[in-house]
Amino acid sequence: MGGWVISLNPGFLLVWLVGGLLLVIGVLLSPRPRRLGGNAEVVERGSAPELYGVAERVAGAVGVRPPVAVAVEDLAIGAEYPLVGWRRRPVLVVGLPLWLVLSARQRVVLLAKAYTEERGDDLLVGGALWTLAQWRESLMSGRPLARRGETHIYMATVLGAAAPRGSYDAAGTLGQVFGKMLGWPVLLVERALLRLTRADDGPARRDPARLRGVVTEAEVARLEELVAARRFMAPLQAAVLRGATVPEIRRSVPAGVTGSGVDGEGGATRLEGERLFTVGASEAVDVELARHYSRAVRAFGLVW
C-alpha cells in the first residue's frame, strides 16, 4: 500500500512520508515464523535421553513427526507442539507445574493430546498472528521500569537540587501513551484476523483417530478438566512453601486431585501407554529435569 500511495503523486514530500511510513509498518508487521517464547528453555538431548525417548515414542504411536527438540517452561500449564522457525521444525514445549504432578500414564495423555491438536499452524496465517501478538504485547504491556525509579532516586540523592526533575517519569509516561496509541490498531487487526481464520474451528481441534489405541477420550477429557480447574495448584504451592523435594511434591498432590487414581476404560490402551512410558522411566525423567525443577519451583507461587 505504501508503494501505491507514493505512485499516486510522487512529487509531494508528504506523500513520500506517508507512503514510507506505510512501507515501514508493512515490513514490521509482515508474517514471521514462530519462535520459542523467552520463558522456554530447550533441554539438551544428551542430558535427558529418557525425556526425548518418551517424546519420540508417543509421537510415533500417534503418527506425527517426532520433535527435534524438547523445551520446558516454568509457569506454563499443559503442553504444546508448535512448528518453529523458517524450517518449521516441530518442538515439544512442556509446562513444568502440571508435568511435575502427573503420573506416568497421565504424562502420556498430555503428550498425545499436544501432538494431535490441530491449530492451523501455516506460515502465512500463523506467522501473521504470532507477529501481531508480539507487537501487541510489546506496545501495550508497558510498565514503569523499577530501574528508572531507582536511578532517579540515586541522582536526587547525589546531585541534590541539581538533579533533573521529572524527566524520567515524563519519558516513561510518554512512551506508554505512544505504545497504547500504536497498540490499539494492532490489537484490532489481530482480533479481525482471528475472527476470519478461526471463526469455525475454535482455538484447537483434535484428531481422535490418532489417539485410538494410545489414550482414551475419557482420559483426555479428565486431563482437560484438570487443566481448566487447576485443582492441583494449591497442594503444589503448599508443598513448595514447605520446602518439599520433588519426590515429596509428587506424593503431596492427592491422586483424587489429578485423577491419577481413576482407572479408565480400555485395558489394551492402558497397556500400550504403560509400554510407551513406564513408572521407572517417569522417575528417570524427573531426575533428568531436577535442575529445571529446582529453578521452576521458586516461581510456582506466581501461577494462578
In the single-linkage hydrophobic clustering (I, L, V, M, F, W, Y; side-chain heavy atoms under 4.5 Å), do Leu110 and Val279 co-cluster?
no
Working to the nearest 0.5 angstrom, can you tell me the gap between Met233 CE and Ile77 CD1?
5.5 Å
Going from CG on Leu226 to CD on Gln106, what distance comes out if it is rounded to the nearest 0.5 angstrom?
7.0 Å
When rounded to the nearest 0.5 angstrom, what is the spacing between CD in Glu117 and OH in Tyr81?
13.0 Å
Same apolar cluster: Val93 and Val42, side chain cutoff 4.5 Å:
yes
Report yes or no: does Glu224 contribute a side-chain atom to a donor-acceptor pair with the main-chain N or O of Ala221 at less than 3.5 Å?
no
Which heavy-atom pair separates Thr116 from Ala112 by the least distance, and what is that distance?
OG1-O, 2.8 Å
What one should report as the nearest heavy-atom pair of Ala61 and Leu276 is CB-CD1, 4.0 Å
With rounding to the nearest 0.5 angstrom, report the CZ to CZ distance, Arg65 to Arg88.
9.5 Å
Considering all heavy atoms, the nearest Ile249-Ala239 contact:
CG1-CB, 3.9 Å
Taking all atoms of both residues into account, what is the closest heavy-atom pair of Phe277 and Ala104, and its distance?
CD2-O, 3.5 Å
ILVMFWY network linking Leu289 to Val287, side-chain heavy atoms under 4.5 angstrom
no
Do any N or O atoms from the side chain of Glu288 and from the backbone of Leu51 form a donor-acceptor pair under 3.5 angstrom?
yes
Please test Arg250 against Glu283 for side chain to side chain contact (heavy atoms under 4.5 Å, CB included), starting from the C-alpha separation and ending with a verdict.
CA-CA 10 Å; Arg250 287 183 58 78; Glu283 293 174 350; over 6 Å; no
Is Arg231 close to Glu225 at the side-chain level, that is, under 4.5 Å between some pair of heavy atoms?
yes
Keeping Arg89 on the side-chain end and Pro67 on the backbone end, is there a donor-acceptor pair under 3.5 Å?
no
Evaluate the criterion side chain to side chain contact (heavy atoms under 4.5 Å, CB included) for residue pair Val220 and Leu211; output intermediate values, then yes/no.
CA-CA 9 Å; Val220 175; Leu211 295 174; 4.0 Å; yes
Is the shortest side-chain N to carboxylate O distance from Lys113 to Glu217 below 4.0 Å?
no
What is the distance from atom CG of Leu100 to atom OH of Tyr293, rounded to the nearest 0.5 Å?
5.0 Å
Residue Glu44 excluded, over 12 heavy atoms near CD under 6.0 Å
no
Heavy-atom check, side chain of Arg295 versus side chain of Asp74, under 4.5 Å:
yes
With distance as the sole test, does Tyr52 use its side chain to make a donor-acceptor pair with the main-chain N or O of Val70 at under 3.5 Å?
yes
Taking it one step at a time, do Tyr115 and Leu92 satisfy side chain to side chain contact (heavy atoms under 4.5 Å, CB included)?
CA-CA 8 Å; Tyr115 286 144; Leu92 176 64; 3.7 Å; yes
Ignoring hydrogens and geometry, is there a side-chain-to-backbone donor-acceptor pair from Ser282 to Thr278 under 3.5 Å?
no
Should the pair Arg291-Glu41 be classified as a salt bridge under the 4.0 Å nitrogen-to-oxygen rule?
yes
Could you walk me through whether Leu223 and Leu102 pass side chain to side chain contact (heavy atoms under 4.5 Å, CB included), step by step?
CA-CA 10 Å; Leu223 181 63; Leu102 294 181; 4.2 Å; yes
Would you say Arg45's side chain and Ala69's backbone share a donor-acceptor pair under 3.5 angstrom?
no
For Arg105, is there an ion pair with Glu219 - N to carboxylate O distance below 4.0 angstrom?
yes
Where is the tightest heavy-atom contact between Val240 and Val297, given as atom of each residue plus distance?
CG1-O, 3.3 Å
